[in-house]
Every structure is written in C-alpha cells, then in structure tokens.
Amino acid sequence: MFETKIYKNRRNTLKKSLNSGLVLLLGNEESSMNYADNCYRFRQDSTFLYYIGLNKSRLAAIIDVDEDKEFLFGDDPTIDQIVWTGKVPSLQELTKQAGMDGCRPYEGIRAYFDQHAKDRKIHYLPPYRPGHTLKLQEWLGLAPEEIAAGKSVELIKGIVEQRNVKSEQELARIEEAVNMSGQMHLEAIRATRPGMKEYEVMSRVHQKALELGGRLAFPIILTKHGETLHNHSYDNTIEEGDMVLCDAGAEHPDGYAGDLTRTFPAGRHFNDLQRTAYNIVLEAQIAAVDILKPGVRFLDVHLAACKKLVEGLKHLNLMKGNPAEAVQAGAHAMYFQCGLGHLMGLDVHDMENLGEEYVGYTGDLAKSKQFGLKSLRLGRKVEPGFVVTVEPGLYFIPELIDYWGGQKKHEAFINYDKLEEFRDFGGIRIEDDYIVTEGGCRLLGNPIPKKSSEIEELRRKALEESTDE
Ligand code: GLY
Ligand code: MN
C-alpha cells in the first residue's frame, strides 16, 4: 500500500471529475473453488485498490461527491474468525489507513442508500462477478437487466483518465513486476530440456515468481503449441526441434503486473525457418516501438507492425501482393489474429472490466469488426505515462488454414500452397512492456535476451551445463 495521502489525492481528483452523486466502489469477496471455505487466491478489485488501497475482502466504499464525505463499509473480525485467520486490523484501523471519514458495518450499505440516495445519481461500475450483480440488485433495487445499462459512464471516464497515466510510484512497482517477469523467462529458457513435460517448465516459471515475492499476473502460457493464443494446457512433451512459447508475468505484492513473452528452441538452435520467422516477428516489434510516442494511435502502431509482418511473410512466399493493401483487407490475420498489445497496470489488461470502448477506444474511434482487428484491445492515441505491451506474433493455426483455405479467403494475398508446408509450424510471440514518455517510449525493466542469437546462446549454455552435471 502507498502512503494514505496518495489515496486521498486520487479520490479528490475523482470527485472533481464528477458533477454530483454517490460513488460506490465495490471491493471483492473471497471466491470459493469447490466448497465455501476452500477459496481461490483472493484478488482485490483493481479500482478499489487504486482509490482505497486496502487489500482485504468484503469491503466497499461510498464517496458522497456533494457532501465531500467518504465511508468505508466492512466488518470487524469475530473471535471465531480470528482463531482461523489470526489478528487482522479493525475496521477503524483500515479506515485510517485509507484516510476516509468514517466506517459502517457492511450490512449497512442498503440502509445508507435508502437514506441518502433518493433522487441522486449513484455511480457504479459494470460488475464482472455475479456476486456484485446480486448486491447491486439488492442495494439499488435494480432488475438484473438494468444493472449493465445503469453503469456510470461518467465514473468510468474519470477513472480511466486517472489510471491511464502512471505515477512515478506506480511505475516503480510495475518495473519491479517486469523484472520479476524477466527472471521467470530466464528460468524457462534455462530450465527447458527436450523430453520434459510443459508443466515441468511451467512449474519452474511459477516458482520463480513466488520465490521473488510475487504472484502470477495471469495464468502462465507455456507451450510448444504457441499458435493457440491463450493456451493453458501443459501436457505435451517438449521435443528437440520444437519451439517453446512462454507468455508469463508476475504480479507485484501491491497489485501491479508485468507481462512478457519469449519464444525459444527446445534444443540449442532454431532451425533456419524458425529463425527466419522469429526475426520477422522481432522486426515487427522493432518497427512498432520505433513509432510508439505520444499522440500516435496504437491502432496505427498495430497496423505498422502488421505491414512489417506481411513484408517478412512475402519473403517466405507465404503472402503476396501489396503489403499495405493486404493489411487493409485483413489478410495478415491468417498469421496474426490478435492485437499488438494492451494497456497494463493494476490489471494485466488494464481496466478491461470497465469496457474497451472507454479504455482502449474513444468516442471518435470505435473498434473495428474485422477479424484480427476486432481483437485489438487498444486503438486510441497514447499519452505520456501510459504503459503498454508490444507483442507481435506469427501463429499458424491448422483449423484457420483449413477454414479460410476452404473459402479461398484473401487468395490474392495468401499463398495457400506454400502455407500447407507450415501447418505444424506452431507460433512465435515476442512481448515487452513500455512506458510512453514525452519523446517516445522506454522499455520497462532490465532487458532480457531477445535476438535469436542471444536466445540461442542462453540455450547453448543451459544445455552444456546439463551435460556437465
Ligand atoms: N499475456 C497475456 C495477454 O496479454 O493476453
Ligand atoms: Mn500481453
């Protein structure tokens, strides 16, 4: 948690961005896996963490914009709970830590609204947990279908404006998370041996995050089938000749995320084709980072990276025709089906729960519906202080090859005969995190190997060490 005054300042800025009304910020509750007392790891709601700072379950905050009053709702632990959980701060202590005006029992929220909300605007965020939907129904007397429609766009916009620009203190946490993430990747590249199961390497990556005092910012992707964008199965045996894609990031104890991806050979070297494809992805990342600066739309950065990918794919005879026209038609999405990156902060996809139309896009820039572009989470202009990932890739998805191939889709740009040779090629992604600065952007965290020659050197050393043992 930061100093109390940081949270007070953040709330004051939020209050100024709203005309009037009551703001409800809902903290998260424990979430059960298979019976009530066996819970997933607790994760506080990121907006609650940003404005209140308290990483405890079953809390809520009500901010009265007109009266300039802030209340924390929660409950002191009973002696029965303390027996199981140990001593925890009282509600009074938590209220003081957060710098709020007072506190009330959690069950008092309904009564508070009954008393204070008549004819007033209640600002709340779109819920992403069913439990929150139920609470909003009960407290605000709304029908389920009214909840989404009733969200406060004014509140969302105020929050997005604040959370988008990272302070020095936030940036320091993010860099720590990125550095932990870098260590996780070095561990993956060093630990992998042909013959291992993916889960064996994945467990080492997870262990590294824990060992460094972090957690996972999202479930690890560690797979020889990198063509599946969010592959969360780990059962394959890694074999000589495979490429391994690791997309993993640590979460700092204060909640901030890192998110990196490296792709490396299971053996000492990439084969020639793998290395060529790897270098195409790297060139696309370099081209994107070159133009990433304030005032540039991330959409245009994405499109520039796509064009670079197509130019490389033409050299491999996988694409043909004019690269700019191919990208405009969406033909590159045979190989790059997702977006170039996303905002990152307290969430790995920062503020995605608030709605992409407010976070990644603006009133005058709506998200495209085109296959590929529709998965670009961030399109708007970036500004100094924004933290983004840049993660181009090439993905050879057999099902998509067959699906588009059957329709001869984008035949003017895609060389389907050649593509047949790549059905089992897999996928490559390279991902790093950047802060947009006044003059451009800066890599976050200590650089970890990225050039194909650097990755191969790490693999050579790792495999030699295992021969020496
Ligand atoms: N690292 C996972 C993602 O960006 O979706
Ligand atoms: Mn990412």
Side-chain angles (χ1 to χ4, degrees), residues 43 46 128 164 166 174-175 177-185 187-189 198 201-202 205-206 208-209 214-223 225-234 244-252 255-264 281-282 284-285 288-289 292 298-299 301-302 305-306 309 333 336-354 356 359-360 367 372-379 382 386-395 397 426-436 441 443-445 448 450:
R43 179 54 161 81
S46 296
Y128 55 91
N164 254 343
K166 271 55 181 183
I174 294 173
E175 286 217 79
V178 177
N179 280 332
M180 288 187 219
S181 309
Q183 293 298 316
M184 292 160 71
H185 284 270
E187 183 66 19
I189 299 172
E198 293 164 338
V201 186
M202 183 277 278
V205 176
H206 192 168
K208 184 56 77 177
R215 306 273 200 128
L216 296 183
F218 55 92
I220 294 171
I221 297 165
L222 187 302
T223 177
H225 282 295
E227 74 277 10
T228 305
L229 300 178
H230 280 179
N231 195 340
H232 291 140
S233 73
Y234 312 101
V244 179
L245 185 153
C246 178
D247 182 344
E251 183 179 284
H252 184 279
Y256 291 89
D259 183 9
L260 303 174
T261 306
R262 288 292 182 269
T263 308
F264 56 89
V281 177
L282 184 55
Q285 199 204 38
V289 171
L292 181 62
F298 200 78
L299 170 64
V301 183
H302 169 88
C306 294
L309 290 174
F336 184 45
Q337 302 81 6
C338 56
L340 181 69
H342 49 85
L343 294 159
M344 191 182 80
L346 279 168
D347 308 296
V348 65
H349 294 174
D350 213 21
M351 298 175 275
E352 203 157 279
N353 61 310
L354 302 186
E356 258 172 18
V359 179
K367 189 152 94 160
L373 265 186
K374 72 178 180 188
S375 300
L376 177 65
R377 299 181 153 93
L378 174 63
V382 294
F386 282 33
V387 168
V388 298
T389 68
V390 180
E391 48 180 307
L394 286 176
Y395 309 103
I397 303 172
I428 298 172
R429 170 157 71 251
I430 304 173
E431 176 177 24
D432 288 293
D433 307 325
Y434 296 85
I435 170 87
V436 178
C441 65
L443 177 74
L444 289 172
I448 59 165
K450 181 155 66 172

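Below, all heavy atoms of this structure are taken into account, side chains as well, without hydrogens, waters or symmetry copies. We count ligands from 1, going down the list as the structure has it; atoms in each ligand are counted the same way.
- When side chains are defined from C-beta on, Y395 does not count as touching I428, because their heavy atoms never get closer than 4.5 Å.
- Under 2.8 Å from the Mn ion (ligand 2) lies an N/O/S atom of E431, whether from backbone or side chain.
- In terms of protein heavy atoms, atom 3 (C) of ligand 1 is closest to H349 NE2, 3.1 Å.
- Not one N, O or S atom of H349 sits under 2.8 Å from the Mn ion (ligand 2).
- For a threshold of 3.5 Å applied to N or O pairs, the pair formed by D247 and ligand 1 contains at least one separation below that value.
- Proximity of a side-chain donor or acceptor of R262 to a complementary backbone N or O of E431 within less than 3.5 Å is detected.
- A salt bridge links D350 to K166: one of the charged nitrogens lies within less than 4.0 Å of a carboxylate oxygen.
- Between Y434 and V387 the shortest side-chain heavy-atom distance does not fall below 4.5 Å.
- For ligand 1, the atoms lying closer than 4.0 Å to a non-hydrogen atom of F218 are 1 (N), 2 (C).
- Considering each of I221, L229, D259, I220, the one bringing a non-hydrogen atom nearest atom 1 (N) of ligand 1 is D259.
- Here the N, O or S atom of E391 that is nearest to the Mn ion (ligand 2) is OE2.
- A salt bridge links E251 to R43: at least one charged side-chain nitrogen sits closer than 4.0 Å to a carboxylate oxygen.
- Side chains of H232 and I220 form no contact here, defined as non-hydrogen atoms less than 4.5 Å apart.
- Between the Mn ion (ligand 2) and the N, O or S atoms of D259, the shortest distance is to OD2.
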